[in-house]
Amino acid sequence: MSFQSEIVSWYLKNKRDLPWRGTTDPYVIWLSEIILQQTRVEQGKPYFLKFLENYPTVKDFANAAEEQVLKLWQGLGYYSRGRNMLYTAKHIAEHYGGQFPKSYSELVKLKGVGSYTAAAISSFSSNERQAVVDGNVYRVLARYFGIEEPINSNTGQKLFADLAKELIADQEPSVYNQAIMEFGALQCKPKSPLCIECPVQLGCEAFKLKKVDQLPVKLKKVKIRKRWFNYFVAISNDEILTKQRMPGDVWQHLYDFPLIETEGEASIANEEFQTQVTKLFGKQLELKVLESKKHVLTHQIIYVQFFAIDNYIVNFNKHTEIKSVKINDFKQLPHPKIIGDFVEKHID
DNA sequence: AACACGGGGGT
DNA sequence: ACCCCAGTGTT
């Protein structure tokens, strides 16, 4: 039996029952695929169900407000996915008459849809012969064919894309694509793959050469930046100060608190820090540390301190991005995870 | 080609 | 501590 037939046969026996399987509606598949970008199935599943319930069709999605979309997205990360989804939903409602495209060539033009997602949607929705190449596929192919070319080099990308295209040539595109990804996720896992009970063990180059744990090869790792965020929790009566984050940094368009970023750990005793606080709020304030946390992202570690500002009087300079809103309204806004967690813990 | 973009889970 | 996850957009 060929590699592909073994994979498909394994899939039919071992596939998970997932809520987006079994539909050919390109809108629903798009929903699931965007959510699953760089996201584990188990983490994405509740978000998929939530989005489908709130926006049963692409027209429903197109009518949503960005704040509502981002609120539903809260906690999932890579928020540009949510923003791009709304943009694309509006685009489809307007230019496609609400009819979600199914072909690779149309799909790949959509914002937030790259070659992987276009291949996934087109093959799952209409069985178009487009090979998916995601993290799973890179891993399975690198191991089975013993490919040492880095998966994120220029030549590597092309090499794997060509190989994947060859392999799907005589297969049912929809089933085969899902099969190889499911195989990578459950059997040919990054760590502790199940080689002992693997249906393609005999043909696997990496297994033969005992290099399973060394493949695939991936270039470089980015340097992690350390940052120090000092947030000010200013409540007076039933209002709280909030600030929407702007483009050019993490958590774009999400709402957090007035913030002073420092080059190192800030303390109340530090004079320069006090000066900055005074400048930001226009007067001397008494600060109290509420909580300190370390927030780890892929590319930066953020040391977060929350300071309480007691007896704050609402007289905030209207020139800044900072606004005073009702606490109940504030809670409805989309927040970074670290802020959402803080609010849930400390603010009634 | 390199980097930015979140958060969580596995080892 | 490090790697990876049903990747894409920008520079």
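Letters A, B, ... mirror the listed sequences (proteins, then strands); counts begin at 1. Model, not experiment: these values are computed from the prediction.
- Residue contacts for A:Asn177: at a heavy-atom cut-off of 4.0 Å it reaches no nucleic acid atom on any strand shown.
- In this entry the distance linking CG of A:Leu194 with P of B:dG10 reads 14 Å, nearest Å.
- In terms of position on DNA chain C, the residue among A:Gly184 and A:Val113 whose nearest nucleotide sits closer to the 5' end is A:Gly184.
- Between the side chain of A:Ser192 and the base of B:dG10, no donor-acceptor pair under 3.5 Å is found.
- For the pair A:Gln214 CD and C:dC2 P, the interatomic distance rounds to 19 Å; values are reported in whole Å.
- Taking a cutoff of 4.0 Å between a charged side-chain nitrogen and a carboxylate oxygen, A:Lys50 and A:Glu53 do not qualify as a salt bridge.
- Scanning atom types as modelled, no donor and acceptor separated by under 3.5 angstrom connect the side chain of A:Ser80 and the base of C:dG9.
- Dashed line: the shortest gap from a side-chain N or O of A:Tyr79 to OP1 or OP2 of B:dG7 is under 4.0 Å.
- Ion pairing between a basic and an acidic side chain is recognised when a charged N comes within 4.0 Å of a carboxylate O; A:Glu261 and A:Arg227 show such pairing.
- Remark: A:Gln38, A:Thr39, A:Arg40, A:Gln43 in residues 30-59 of chain A come within less than 4.0 Å of DNA chain B through at least one heavy atom.
- A centroid separation of 6.0 Å or more is found between the aromatic rings of A:Tyr79 and A:Trp251.
- Rounded to whole Å, atom P of C:dT11 lies 14 Å from atom CG of A:Asp249.
- Here A:Arg81 lies in heavy-atom contact (under 4.0 Å) with a base.
- Taking 4.0 Å as the cut-off between side-chain N and carboxylate O, A:Arg143 and A:Asp213 do not count as a salt-bridged pair.
- We find that CD of A:Gln300 is positioned 17 Å from P of C:dC2, with the value rounded to whole Å.
- For the pair A:His299 and B:dC5, the criterion of a side-chain N or O lying under 4.0 Å from OP1 or OP2 is met.
- For B:dC5, neither phosphate oxygen OP1 nor OP2 lies less than 4.0 angstrom from any side-chain nitrogen or oxygen of A:Arg83.
- Between A:Leu70 atom CG and B:dG7 atom C1' the separation is 15 Å, expressed in whole Å.
- Between A:Thr155 and A:Gly75, the residue whose closest nucleotide on DNA chain B is further toward the 5' end is A:Thr155.
- Regarding A:Lys218, its NZ atom lies at a distance of 14 Å from the P atom of B:dA2, rounded to whole Å.
- Not one side-chain nitrogen or oxygen of A:Gln252 sits closer than 4.0 Å to the OP1 or OP2 atom of B:dA4.
- Taking atom P on both B:dC3 and C:dC3, the two are 15 Å apart, rounded to the nearest angstrom.
- Electrostatic pairing of A:Asp341 and A:Lys345 does not count as a salt bridge here, judged by no charged N lying under 4.0 Å from a carboxylate O.
- Taking 4.0 Å as the cut-off between side-chain N and carboxylate O, A:Lys243 and A:Glu321 do not count as a salt-bridged pair.
- Here A:Trp73 and A:Phe51 bring their ring centres to under 6.0 angstrom of each other.
- In this structure C:dC4 sits in a base pair with B:dG8, meeting the Watson-Crick or G-U test at under 3.5 Å.
- Contact between the side-chain N/O atoms of A:Trp20 and the OP1/OP2 oxygens of C:dA6 is not found at any separation under 4.0 Å.
- Salt bridge A:Arg21/A:Glu182: present, at least one basic N to carboxylate O contact under 4.0 Å.
- Residue A:Asn152 is classed as having no contact, given no heavy-atom separation below 4.0 Å to the nucleic acid.
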Test A:Phe232 against A:Leu287 for side-chain contact (heavy atoms from CB on, under 4.5 Å), laying out the working first.
CA-CA 9 Å; A:Phe232 301 96; A:Leu287 302 176; 4.0 Å; yes

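- In this structure, A:Tyr78 atom OH and B:dG8 atom P are separated by 13 Å, rounded to whole Å.
- No engagement by A:Val132 is indicated, since no non-hydrogen atom pair under 4.0 Å with the nucleic acid exists.
- Taking 4.0 angstrom as the limit, A:Thr117 places a side-chain polar atom (N or O) nearer than this to OP1 or OP2 of C:dT8.
- Contact annotation: A:Lys189 does not reach the phosphate of C:dC5 (side-chain N/O to OP1 or OP2, under 4.0 Å).
- Atoms CZ (A:Arg139) and P (C:dC4) sit 9 Å apart, rounded to a whole Å.
- Look at the P atom in both B:dG10 and C:dA6: the space between them is 12 Å, to the nearest Å.
- Checked against C:dA6, B:dG6, C:dG9, the side chain of A:Thr298 finds its nearest nucleotide in B:dG6.
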